[in-house]
There are 2 protein chains.
Amino acid sequence: MGRVQAFETDEVVRSARAVFWEHGYEEASLPELERATGLSRSSIYHAFGSKRGLFDAAVASYLNEIIRPRLLPLNSPDVTEIAILDYFTTLRAALAQPDSQQSHHGCLLLNAAGAPIAHESAVSVAIAGYRQELKSSLSLGIAAHRPGIDDVARLQLATVLSSLVIAAMTLARIDKEQALATVDTALELLNN
Amino acid sequence: MGRVQAFETDEVVRSARAVFWEHGYEEASLPELERATGLSRSSIYHAFGSKRGLFDAAVASYLNEIIRPRLLPLNSPDVTEIAILDYFTTLRAALAQPDSQQSHHGCLLLNAAGAPIAHESAVSVAIAGYRQELKSSLSLGIAAHRPGIDDVARLQLATVLSSLVIAAMTLARIDKEQALATVDTALELLNN
DNA sequence: TATATAGTGGACTGACCGGTTCACAAAATG
DNA sequence: CATTTTGTGAACCGGTCAGTCCACTATATA
């Protein structure tokens with residue numbers, strides 16, 4: 001029995017995730033990934049197979065650690081009446097925070113949507129799935145927030161709100177004011 | 001007096017625009033731009049100064065030839081009651097068309113929003129300006145569509161509709177059904 | 001000590017990148 | 001024909017890329 005793996009895979013993936021989030025898949029270089037993870041390329045290739053393999057792990061990490069925790073309260077069996085308000089308030093706070101990755105780089109997945117990597121089936125499926133998950137979660141939050149709402153109106157509002165999220169994330173690295181104003185519109189719609 | 005420039009600058013920029021639209025700034029290579037424009041790199045550099053100079057011209061071309069013509073009816077002094085419905089119907093048709101660039105690649109500017117090039121001030125300013133222009137135009141269309149609407153509601157609806165546009169464009173290269181459904185939601189909101 | 005595996009560092013492969021240079025050809029005018 | 005400008009093609013510069021290879025070191029267990 002030989003040497004045991006010394007690094008934490010999740011920790012390495014988090015570091016790599018930050019690089020992909022900032023630069024995108026294509027512009028994230030091996031030297032930069034080496035620096036961020038603290039591993040040499042031999043170790044990276046041994047653990048993940050390829051740069052693309054590391055990217056796939058980063059996408060999964062992003063969904064599990066950044067996206068889904070924020071959607072959790074909406075997907076809870078006892079989702080509260082204000083869970084959806086909290087979701088947007090939390091999102092707004094994240095976008096407003098001066099030194100957060102969300103604030104500077106928007107959404108890793110939505111950024112990938114506009115990049116060449118989106119042509120990879122697995123990547124576009126992941127992004128499409130994220131959007132559906134977002135809509136579905138918001139729909140549950142809307143139902144809890146407005147118990148009497150009919151299905152058609154609820155799904156429509158879910159489409160609108162998820163689109164406001166996408167727009168805000170897209171604008172995050174372009175114009176902070178417009179991004180925050182977009183989230184504010186979501187909150188206004190919910191408070192009407 | 002010597003040789004006259006033989007190529008049409010606008011035509012060259014259109015060809016280059018198609019390459020940047022499909023690949024993004026970073027992944028658009030000089031050889032690919034040479035192939036698409038039919039010019040050698042010497043001529044490209046002579047006419048545009050750099051790859052970035054060509055990209056800037058492509059962005060201007062995109063705004064002037066793709067974006068603004070579609071917003072024109074909304075910005076007209078005698079904007080019709082159904083101009084905004086026409087806008088979304090036309091957008092939907094473009095996204096539904098199997099072999100159009102919009103259908104395959106979404107929006108050149110919004111794709112750039114998630115790319116490293118967005119860190120260039122001039123690029124992010126162009127994207128922020130496009131979003132404001134879109135909102136402003138939609139606001140005019142909303143006013144014509146619903147003459148009695150108050151300012152607050154109109155601006156809110158403009159934010160919502162422009163976000164639906166952004167979401168649809170982002171989803172265009174990811175999931176055609178979701179992209180079209182997003183535009184449908186905009187039309188439903190207007191027909192309520 | 002032997003065995004087995006993780007991890008490194010750097011050289012290497014083969015390819016490509018944006019941008020520059022320049023001799024030469026093409027084309028327009030005088 | 002001379003002059004001037006556009007446009008080409010290819011070599012070149014200096015650099016970078018993802019991925020491979022391998023001798024070597026480190027580490028854990030028996």
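On a predicted model such as this, the values are computed, not experimentally measured, just so you know. Letters A, B, ... mirror the listed sequences (proteins, then strands); counts begin at 1.
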Checklist entry - In whole angstroms, how far is the P atom of D:dG7 from the CZ atom of B:Phe48? => result 11 Å
Checklist outcome for this item: CG (B:Leu39) and CZ (B:Phe48) are apart, to the nearest 0.5 Å, by 7.5 Å
Checklist outcome for this item: The reported gap from OG in B:Ser136 to CG in B:Leu74 (rounded to nearest 0.5 angstrom) is 10.0 Å
Checklist entry - For A:Gly38, which contact category applies under a 4.0 Å heavy-atom criterion: base, sugar-phosphate, or nothing? => result sugar-phosphate
Checklist entry - Taking atom P of C:dG18 as reference, at what distance in whole Å does atom CD of B:Glu32 sit? => result 11 Å
Item to check | All pairs passing ring pair (Phe, Tyr, Trp, His ring centres under 6.0 Å) where residues 137-162 of chain A contributes a residue, at least two apart | outcome: none
Checklist entry - Taking C-beta and beyond as the side chain, do B:Phe88 and B:Leu138 meet within less than 4.5 Å on heavy atoms? => result yes
Next on the checklist: Applying side chain to side chain contact (heavy atoms under 4.5 Å, CB included) to B:Thr182 and A:Ile166, what does each step give before you reach the verdict?
Outcome noted: CA-CA 12 Å; B:Thr182 302; A:Ile166 291 172; over 6 Å; no
Checklist entry - Does B:Ser40 place a side-chain N or O at less than 4.0 Å from the phosphate oxygens OP1/OP2 of D:dG9? => result no
Next on the checklist: If you only use heavy atoms from C-beta on, which nucleotide in C:dG18, D:dG19, C:dG7 is closest to the side chain of A:Ser43?
Outcome noted: C:dG7
Next on the checklist: From CD of B:Glu26 over to C1' of C:dC16, roughly how many Å is that when rounded to an integer?
Outcome noted: 16 Å
Next on the checklist: Once rounded to the nearest 0.5 Å, what's the spacing between atom CZ of A:Phe20 and atom CD of A:Glu26?
Outcome noted: 10.0 Å
Checklist outcome for this item: Numerically ordered, the residues 8-15 of chain A set in heavy-atom contact under 4.0 Å with DNA chain C is none
Item to check | Base-contact (B) and sugar-phosphate-only (S) positions in nucleotides 22-30 of chain C, heavy-atom cut-off under 4.0 Å, - elsewhere | outcome: B---BBBS-
Checklist outcome for this item: Here the distance between atom P of C:dC16 and atom CD of B:Glu34, to the nearest Å, is 14 Å
Checklist entry - Which part of the nucleic acid does B:Ala28 contact within heavy-atom distance under 4.0 Å: base, sugar-phosphate only, or nothing? => result sugar-phosphate
Checklist entry - How many Å lie between CZ on A:Arg35 and P on D:dT16, as a whole number? => result 10 Å
Checklist entry - Atom NZ of A:Lys51 and atom C1' of D:dT20: how far apart are they, to the nearest Å? => result 16 Å
Item to check | Interatomic distance where CG belongs to B:Leu30 and C1' belongs to D:dT8 [whole Å] | outcome: 15 Å
Checklist entry - Are any of B:His46's side-chain N or O atoms less than 4.0 Å away from OP1 or OP2 of D:dG7? => result no
Checklist entry - What's the CD-P distance between A:Glu27 and D:dT16, to the nearest Å? => result 14 Å
Checklist entry - To the side chain of A:Pro31, which of D:dA18, C:dG19, C:dT8 is closest? => result D:dA18
Item to check | Separation between CD1 of A:Ile66 and CZ of A:Arg14, rounded to the nearest 0.5 Å | outcome: 9.0 Å
Item to check | Of A:Phe7 and B:Tyr45, the one whose closest DNA chain C nucleotide lies more 5' | outcome: A:Phe7
Item to check | A:Cys107 vs A:Arg173 side-chain heavy atoms within contact, under 4.5 Å | outcome: no
Next on the checklist: So, under a plain 3.5 Å distance rule, would you say the side chain of B:Arg41 forms a donor-acceptor pair with the base of C:dG19?
Outcome noted: yes
Checklist entry - For the atom pair CG (B:Leu171) and CG (A:Leu110), what is the distance rounded to the nearest 0.5 Å? => result 8.0 Å
Next on the checklist: For a side chain to side chain contact (heavy atoms under 4.5 Å, CB included) check, start with the C-alpha distance between A:Gln102 and A:Trp21, then their side-chain angles and the critical distance, and finish with the verdict.
Outcome noted: CA-CA 9 Å; A:Gln102 205 129 57; A:Trp21 198 342; 4.2 Å; yes
